[in-house]
There are 2 protein chains.
Amino acid sequence: MTKPTPDPRHTLTLRDVSEASGVSEMTVSRVLRNRGDVSAPTREKVLEAARALGYVPNKIAGALASQRVNLVGVVIPSLSNMVFPEVMTGISEVLDGTGLQPVVGVTNYLPDREESVIYEMLSWRPSGMIIAGLEHSAASRAMLARAGIPIVEIMDIDGDPINHAVGISHRRAGRQMAEEIIAAGYRKIAFLGTQMPNDFRAKKRLEGFEEALAKAGLSLVDREYYSGGSALLKGREMTAAVLNRTPDVDFLYYSNDMIGAGGLLYCLAQGIDVPGRIGLAGFNGVELLDGLPRKLATMDACRLEIGKKAARIIAEAPEASQVEELFPTLQPGDTIRRA
Amino acid sequence: MTKPTPDPRHTLTLRDVSEASGVSEMTVSRVLRNRGDVSAPTREKVLEAARALGYVPNKIAGALASQRVNLVGVVIPSLSNMVFPEVMTGISEVLDGTGLQPVVGVTNYLPDREESVIYEMLSWRPSGMIIAGLEHSAASRAMLARAGIPIVEIMDIDGDPINHAVGISHRRAGRQMAEEIIAAGYRKIAFLGTQMPNDFRAKKRLEGFEEALAKAGLSLVDREYYSGGSALLKGREMTAAVLNRTPDVDFLYYSNDMIGAGGLLYCLAQGIDVPGRIGLAGFNGVELLDGLPRKLATMDACRLEIGKKAARIIAEAPEASQVEELFPTLQPGDTIRRA
DNA sequence: TCTGCTACTGTTACCGCTAACAGCCATCAT
DNA sequence: ATGATGGCTGTTAGCGGTAACAGTAGCAGA
């Protein structure tokens, strides 16, 4: 068990299988790809030989020769915030039936990193690309635009897509939540969210939110930003900070459900009347919330559906650009007063 | 904006850049890879041309010619349980400095799927593979063993590695937790965990746990399994079920922190004295716990460190097999009585 | 002047596979 | 018989790069 190669010979190629089974390389290739006509006995012989040798085809050579790569690049900002794994699930579900395979790249919300991830992926000549967001560096956009493959920008539709787009309007989502909150009678509203300068979708939600507040003659009475750390814990801390600084606040709007959940737990622990004295809302509809003692008001982001639709577009590679808007539903939960 | 290809010509190759800059393809190749000597003016000319054309090298051709692929396959069971994203972080951190790039494949705890993910990855001839767990189908093991690349099995070291291994002993972790619980004076201990037949690590923890119980003349007074759904919610439900069925239980051992957190929230909501009347413990040390009203006892699984060490082994590709055992630390939190 | 080197650039032969086409043989309608 | 047809298998020529080697020019030292 020193080197994982029991057989010191060169790595296996089609030629080895061809020699072992007594047919041409071409025929072996046909059998292994299930393409073209091969007689049943020959097919058996070949499969037998391939299995016996432990042959694994070389897709690099195959892709170069056939000019086809069964890979789909998926570029997302983060794996650890619970929203992208679900998008991935949607993508995988659809792609599984097509012979296409997703390859994930993570950018950590850094434009430079996004650029290099895109470059790296395109250099493998994938059959399509799925990318979170509509904001990319000029170089990124240029690379994608001239790659000659279907590009789907997901999550967001407030902007100009390069090619296709599937997502929701975050601006509208923010507006909608604000309207709901105002309708429920809350007036002293604070915002608590991520500092991340490159989370454009959170930013758009806040814009829409403030827009709707303004229309009702209101504005945020306080705001608190954070970055890094355990979201649940940050939620507690930020909530404490806001309640301390602005005691008469009556609603806390969180930029995501995790910090919202932290805030909810804090309020409950403090014995604060939710949603009577203070209302709370988050964003995303993460499954986690189901386990909380009280359900946080939120808005689902249609993550699974976005993944599926994006994958479908890649698989079908339509000529004309498509922009699919999905409409999130508001889940009032137990943290907004009933009207 | 109908087709993302502004220029209908064929896709760019080295030849295009070579013609545009008036040097041979070979020289262009050298410039783009920073290898070999090229005069400064030539280099500039080439870079200029490449940039102007928007050339993206074709790694497929490059890899075939050079027999080198800067990819590392990473095979994990799931992205959505919080533990693997952190392993990935560790892997990326180390790989970033080496020119190697991780490619993730997800198996959903299905051996068949694992086999096909491994096959698919090996067919791209990566420079190394990192795989969660030591349990794989015979075919998977065979493929990996004869791939001729470094293989690192991570998370677990209770078993026979194919090549290298980095992880903790889950059996020991279970044992250790049981000893702690017994030492704290708990005697009526129940287990609550996943049903998943292929989560071998959870199984090993339970084995170790029961082993230590047996040594103290104890055995589990109840057990409850679940599968699927929101872990936090399941934790509540299962806890309720156990408390109902076995009212005199005095300790709940959860197979992971998420359901443990659900159980903790449930107990607190019910006004149960934790850790006086009932003690609780989970496994993993997920960051999430920091935000809970009370800290759940747990054991970190050294995830970040495992990722880093595995990546380092791949990067260094040592001749001799290595098995690195890490030692998790028990974090008693606030849910085990102080001795 | 010639040699030996260094610095740079070009030529050739693949890497391992597949598209496209070319054969071959049996079967079948004409 | 003749050609047409279809099932099966083999041959050839790349795919787009890179390793290895082969120049070529310029210059230092003998």
Side-chain angles (χ1 to χ4, degrees), chain A residues 9-47 49-50 53-71 99 120 122-127 147-148, chain B residues 9-47 49-50 53-71 99 120 122-127 147-148:
Chain A
R9 273 183 320 174
H10 71 309
T11 69
L12 293 170
T13 72
L14 269 192
R15 152 155 272 110
D16 296 292
V17 183
S18 123
E19 280 169 5
S21 54
V23 299
S24 71
E25 299 176 36
M26 195 59 227
T27 299
V28 176
S29 169
R30 279 193 269 254
V31 171
L32 265 23
R33 285 178 302 145
N34 264 318
R35 208 169 301 280
D37 302 304
V38 179
S39 71
T42 308
R43 154 169 279 108
E44 269 319 306
K45 247 189 334 192
V46 170
L47 287 176
L53 291 172
Y55 174 70
V56 176
N58 184 331
K59 288 221 175 175
I60 296 180
L64 183 60
S66 67
Q67 304 282 61
R68 269 185 277 98
V69 181
N70 69 336
L71 262 25
E120 202 73 15
L122 287 179
S123 75
W124 288 101
R125 301 289 188 266
S127 299
Chain B
R9 275 181 320 174
H10 72 306
T11 68
L12 294 170
T13 72
L14 268 192
R15 152 154 272 109
D16 297 292
V17 182
S18 122
E19 280 167 5
S21 53
V23 298
S24 72
E25 299 175 35
M26 195 57 227
T27 300
V28 176
S29 170
R30 280 194 268 254
V31 171
L32 265 24
R33 286 178 301 145
N34 265 318
R35 208 169 307 282
D37 300 306
V38 179
S39 71
T42 308
R43 154 169 279 108
E44 268 321 304
K45 249 191 331 192
V46 169
L47 287 176
L53 291 171
Y55 173 70
V56 176
N58 185 330
K59 289 222 174 173
I60 297 181
L64 183 61
S66 68
Q67 304 283 59
R68 267 186 278 97
V69 181
N70 69 337
L71 261 26
E120 201 74 15
L122 286 180
S123 75
W124 288 100
R125 301 289 187 266
S127 299

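Labels below follow one simple rule: chain letters A, B, ... track the order of the sequence lines, proteins then strands, and each chain is numbered from 1. Note that the structure is a prediction, hence the values are computed from the model and not measured.
Nearest-nucleotide mapping onto DNA chain D: of A:S24 and B:R15, the residue sitting toward the 5' end is A:S24. If B:V23 and A:R68 are placed on DNA chain C by their nearest nucleotide, the residue sitting closer to the 5' end is B:V23.
Rounded to whole Å, the distance from CG on A:L14 to P on C:dG16 is 10 Å. One atom, CD of B:E44, and another, P of C:dC8, lie 14 Å apart when rounded to the nearest Å. Between the CD atom of A:Q67 and the P atom of D:dG17 there is a distance of 10 Å, rounded to whole Å. Per the geometry, CG belonging to B:D16 stands 10 Å off P belonging to D:dG16, to the nearest Å. In this structure, NZ of B:K45 is placed 14 Å from P of C:dC8, rounded to the nearest angstrom. Between the CH2 atom of B:W124 and the P atom of C:dC15 there is a distance of 19 Å, rounded to whole Å. One interatomic measurement links the two molecules: CG of B:L64 to P of C:dC14, which rounds to 14 Å at whole-angstrom precision.
Here salt bridge (charged side-chain N to carboxylate O under 4.0 Å, His left out) pairs that include residues 29-38 of chain A, with residues two or more places apart or in two chains, number zero.
Checked against C:dA19, C:dC15, C:dC17, the side chain of A:Y55 finds its nearest nucleotide in C:dC17. Closest to the side chain of B:E25, from the set C:dA19, D:dG17, D:dG16, is D:dG17.
Of all heavy-atom pairs spanning A:V17 and A:S21, the tightest one is O-OG, 2.7 Å. Looking at every heavy atom in both residues, B:N58 comes nearest to B:I60 through OD1-N, 2.8 Å.
Side-chain contact check for A:T13 versus A:E25: every heavy-atom pair is 4.5 Å or farther apart. Considering only heavy atoms from C-beta on, B:V31 stays 4.5 Å or farther from B:K45 through its side chain. Side-chain contact between A:R43 and A:N34 is present, with heavy atoms from C-beta onward closer than 4.5 Å.
To the nearest 0.5 Å, atoms CE (B:M26) and CG (B:L14) are separated by 9.0 Å.
Side-chain N or O atoms of B:S127 include one that pairs as donor or acceptor with a backbone N or O of B:V69 at under 3.5 Å. Between the B:S18 side chain and the B:V23 main chain, a donor and an acceptor come within less than 3.5 Å of each other.
In the helix from C:dT1-D:dA30 to C:dT30-D:dA1, the end axes, each obtained as the rotation axis mapping the C1' atoms of four pairs onto the next four within a five-pair block, lie 50° apart to the nearest 10 degrees.
Sorted by residue number, the members of residues 26-43 of chain B with any non-hydrogen atom under 4.0 Å from DNA chain D read B:M26, B:S29, B:R33.
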